[in-house]
Amino acid sequence: MPTLAPTSPALHIPRSGIRLLMELAHRDPAALHLEIGEPDTAPAAHVVDAAARAAHDGLAGYTASTGLADLRAVAAERVARVSGRATAPDDVVVTHGAMHGLTMTMAALLGPGDEILLPDPMFPNWAMAAVSVGAVVRTYRTAAEAGYVPDVAEVEASIGPRTRAIVVCSPNNPTGAVYPADVVAGLVDVARRHDLWVLSDECYEAVTFGAPHVSPAAFDTDGRVVVQHSLSKTYAMTGWRIGYLATPRHELVETLGHLAEATIACPSAVGQHAALAALTGPQDHVAAAVASYRARRDEAVALLDAAGLGYVRPEGAFYLMVDVGQDDTDAFALRLLAERQVAVAPGSTFGTAAHGQVRVSLAAAPDALRAGLARLVDAVTAGEPGQAVTAGEPGQTTGDRARTGRLVEAN
């Protein structure tokens, strides 16, 4: 009887707590979904119409492994406009969602045993992708008291002799932090001095609440920054699985084309035509969504303030890290779902810096978000599920957390 290869990196891929809670919550039709980062709106009508036209017009066949030429050109223009780095269509690879692009990039740049630096807290799929290609994950801390913005010196101190790449994500998933320009420039400078690749996850570049998004590519002078984009969040196209990446290193583009050919042949043709419409069509749908997320954030933090629960105010993306005062956030999340029909993502899935917290998606429908947060607050203040700690006073620092379990609100 043949068995799985014990040396396969795939056997060591950790499970995402986000997906685990989502799958459990889908078994309960009455569950409120605050665990998954999925917009509650449908794609704009012109995007859906473009997909339907492509299917009806026979444009649903294979495309080039790197994507449609028209889409690569439009994506290149957007990258250049957003980042300030000159970008040509040949610098772009259309991907089967941003994670496909990021995983292929890791496969191209990292060998077995090479190290990659990820932020803590982190989106767990980054670590999953790194493990899948045989790489070793190291982390750099982002602290709640600093608004989850990394300290450049601490990042540099985290670099080891086998570190080859660093992931930067601003606006950040799961924290909602938006990194200032001087921090982003500092991270690129550190990468340059240590000869590291920078993998910039920019899936939420359009979702900011006043603080501007700054791309590491703006400070890239030698082609070490690979930017990763997605249509999922900005255009509510999560299941369409279309993203793109950009790099001026054409040997990397060629390798990624080979990887795409070996794994997916090409991205969905219908999805690419829809993406082309999304990027070139009216953007009022995006502006309305961002305004709605900002309003939901403001309402959510007001509710948490009234209840005395700690959090760090997000300045972008659509997530809110909430301190629930629980050491075992897995148990908390499972019991919250079972007993109160609310699904949240446990902090344990994001790393050690998310200890005692859960992630709430602000992309949930407003009524579901309102009701779900009310049930979460009730569970914490009532001491259920598990034993909640005593709420702290406004303005307490994270140093007080050992006594109160509360985080400071970073402005």
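Just the heavy atoms: all of them, side chains too, but no hydrogens, waters or symmetry mates, feed the values below.
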Q | Pair R192-D189, salt bridge (Lys or Arg N to Asp or Glu O under 4.0 Å): steps then yes or no | A | CA-CA 5 Å; R192 186 179 299 113; D189 182 60; 3.6 Å; yes
Q: Starting from the C-alpha separation in whole Å, work towards a yes-or-no answer on side-chain contact (heavy atoms from CB on, under 4.5 Å) for V93 and T247.
A: CA-CA 9 Å; V93 177; T247 171; 5.9 Å; no
Q: Decide side-chain contact (heavy atoms from CB on, under 4.5 Å) for V226 and L102; before the verdict, give the C-alpha distance in whole Å, the side-chain angles of both, and the deciding distance to 0.1 Å.
A: CA-CA 9 Å; V226 184; L102 193 65; over 6 Å; no
Q: Apply the test side-chain hydrogen bond (donor to acceptor under 3.5 Å, both in side chains) to residues S268 and R241: give CA-CA distance (whole Å), side-chain angles for both, the deciding distance (0.1 Å), then the verdict.
A: CA-CA 8 Å; S268 159; R241 308 314 306 138; over 6 Å; no
Q. Do E202 and R78 pass the salt bridge (Lys or Arg N to Asp or Glu O under 4.0 Å) test, and can you show the C-alpha distance, the side-chain angles, and the key distance before you say yes or no?
A. CA-CA 12 Å; E202 302 185 20; R78 184 184 180 99; over 6 Å; no
Q.
Would H355 and D327 count as a side-chain hydrogen bond (donor to acceptor under 3.5 Å, both in side chains) here? Give the steps.
A. CA-CA 7 Å; H355 178 79; D327 287 334; 3.0 Å; yes
Q: Report the C-alpha separation of H273 and L71 in whole Å, then their side-chain angles, then the decisive distance to 0.1 Å, and conclude whether the side-chain contact (heavy atoms from CB on, under 4.5 Å) test is met.
A: CA-CA 8 Å; H273 284 285; L71 181 54; over 6 Å; no
Q) How far apart are the C-alpha atoms of V301 and L320, what are their side-chain angles, what is the distance that settles it, and do they pass the side-chain contact (heavy atoms from CB on, under 4.5 Å) test? A) CA-CA 9 Å; V301 299; L320 178 63; 4.2 Å; yes
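Nearest heavy atoms, V131 versus P9: O-CB, 3.2 Å. The two residues W126 and C169 make their nearest non-hydrogen contact at CH2-CB, 3.4 Å. Smallest separation of non-hydrogen atoms from L369 and S361: CD1-O, 3.7 Å. Among all heavy-atom pairs drawn from S83 and A217, the shortest one is CB-CB, 3.7 Å.
Between N125 and S16 there is a side-chain heavy-atom pair separated by less than 4.5 Å. Residues L245 and V92 fail the side-chain proximity criterion, which asks for heavy atoms closer than 4.5 Å. When side chains are defined from C-beta on, L336 does not count as touching Q341, because their heavy atoms never get closer than 4.5 Å. A 4.5 Å side-chain heavy-atom check between V377 and L304 finds at least one atom pair inside the cut-off. By the 4.5 Å heavy-atom criterion applied to side chains, M106 and I116 are counted as neighbours. The shortest side-chain heavy-atom distance between V149 and T142 does not fall under the 4.5 Å cut-off. Proximity of V344 to L21: side-chain heavy atoms (C-beta onward) are nowhere separated by under 4.5 Å.
Checking side-chain atoms of H96 against main-chain N and O of I264 turns up no donor-acceptor pair under 3.5 Å. Side chain of T329 to main chain of S348: a donor-acceptor pair is present (N/O by atom type, distance under 3.5 Å, no hydrogens or angles). For the pair S158 (side chain) and E154 (backbone), a donor-acceptor distance under 3.5 Å is present. Put simply, the side chain of R359 never gets that close to the backbone of P174: no donor and acceptor are under 3.5 Å apart. With D120 contributing its side chain and Y140 its backbone, the two residues share no donor-acceptor pair below 3.5 Å. Checked by atom type and distance alone, the side chain of D57 never pairs as donor or acceptor with a backbone atom of A54 at under 3.5 Å. In terms of modelled atom types and a separation under 3.5 Å, the side chain of S170 and the main chain of N172 share no donor-acceptor contact. T255 places a side-chain N or O within 3.5 Å of a backbone atom of E251 that can act as its donor or acceptor partner. The backbone N or O of G160 sits less than 3.5 Å from a side-chain atom of T163, completing a donor-acceptor pair. For the pair T87 (side chain) and R85 (backbone), a donor-acceptor distance under 3.5 Å is present.
Contact check on E156 versus R193 returns a salt bridge, with a Lys/Arg side-chain nitrogen under 4.0 Å from an Asp/Glu carboxylate oxygen. A salt bridge links R81 with E77: the closest approach of a Lys/Arg side-chain nitrogen to an acidic carboxylate oxygen falls below 4.0 angstrom. Between R249 and D91, none of the side-chain N atoms (NZ, or NE/NH1/NH2) sits under 4.0 Å from a carboxylate O, so this pair counts as no salt bridge. The pair D367-R370 meets the salt-bridge criterion, with a side-chain N (NZ, NE, NH1 or NH2) lying under 4.0 Å from an Asp/Glu carboxylate O. Salt bridge status for R164 with D114: present, with a side-chain N to carboxylate O gap under 4.0 Å. We find that R296 and D40 are joined by a salt bridge, their nearest charged nitrogen and carboxylate oxygen being less than 4.0 Å apart. Using a cutoff of 4.0 Å between basic side-chain nitrogens and carboxylate oxygens, D298 and R313 are scored as salt-bridged.
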For residues 58-65, which side-chain donor-acceptor pairs fall under 3.5 Å, sequence neighbours excluded?
from, atom 1, to, atom 2, distance (Å)
T63, OG1, Q272, NE2, 3.0
S65, OG, A265, O, 2.8

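When the ring-ring contact (aromatic ring centres under 6.0 Å, His included) test is applied to F318, the partners found at least two apart in sequence or on another chain are Y204, Y293. Annotation: ring-ring contact (aromatic ring centres under 6.0 Å, His included) contacts of H33 (sequence neighbours excluded): H26.
Side chains of T105 and Q228: a donor on one and an acceptor on the other come within 3.5 Å. Remark: the Q283 side chain and the Y235 side chain contain an N/O donor-acceptor pair separated by less than 3.5 Å.
Remark: T263 OG1 to H258 NE2 distance equals 12.5 Å, nearest 0.5 Å. Distance check: T238 OG1 to W240 CH2 gives 10.0 Å after rounding to the nearest 0.5 Å. Here the CZ atom belonging to F350 is positioned 10.0 Å from the CD atom belonging to Q357, to the nearest 0.5 angstrom. Note that CG of L187 and CG of D151 are 9.5 Å apart. Values are rounded to the nearest 0.5 Å. Residue M22 holds its CE atom at 10.0 Å from CG of L24, rounded to the nearest 0.5 Å. With values rounded to the nearest 0.5 angstrom, R297 atom CZ is found 9.0 Å from Y311 atom OH.
In E23, the CD atom is crowded: over 12 heavy atoms of neighbouring residues, nucleotides or ligands sit closer than 6.0 Å. Other residues, nucleotides and ligands contribute more than 12 heavy atoms inside 6.0 Å of the CZ atom of R138.
Taking the ring axis of F209 as reference, the NZ or CZ atom of R294 does not stay both within 45° of it and closer than 6.0 Å to the ring centre.
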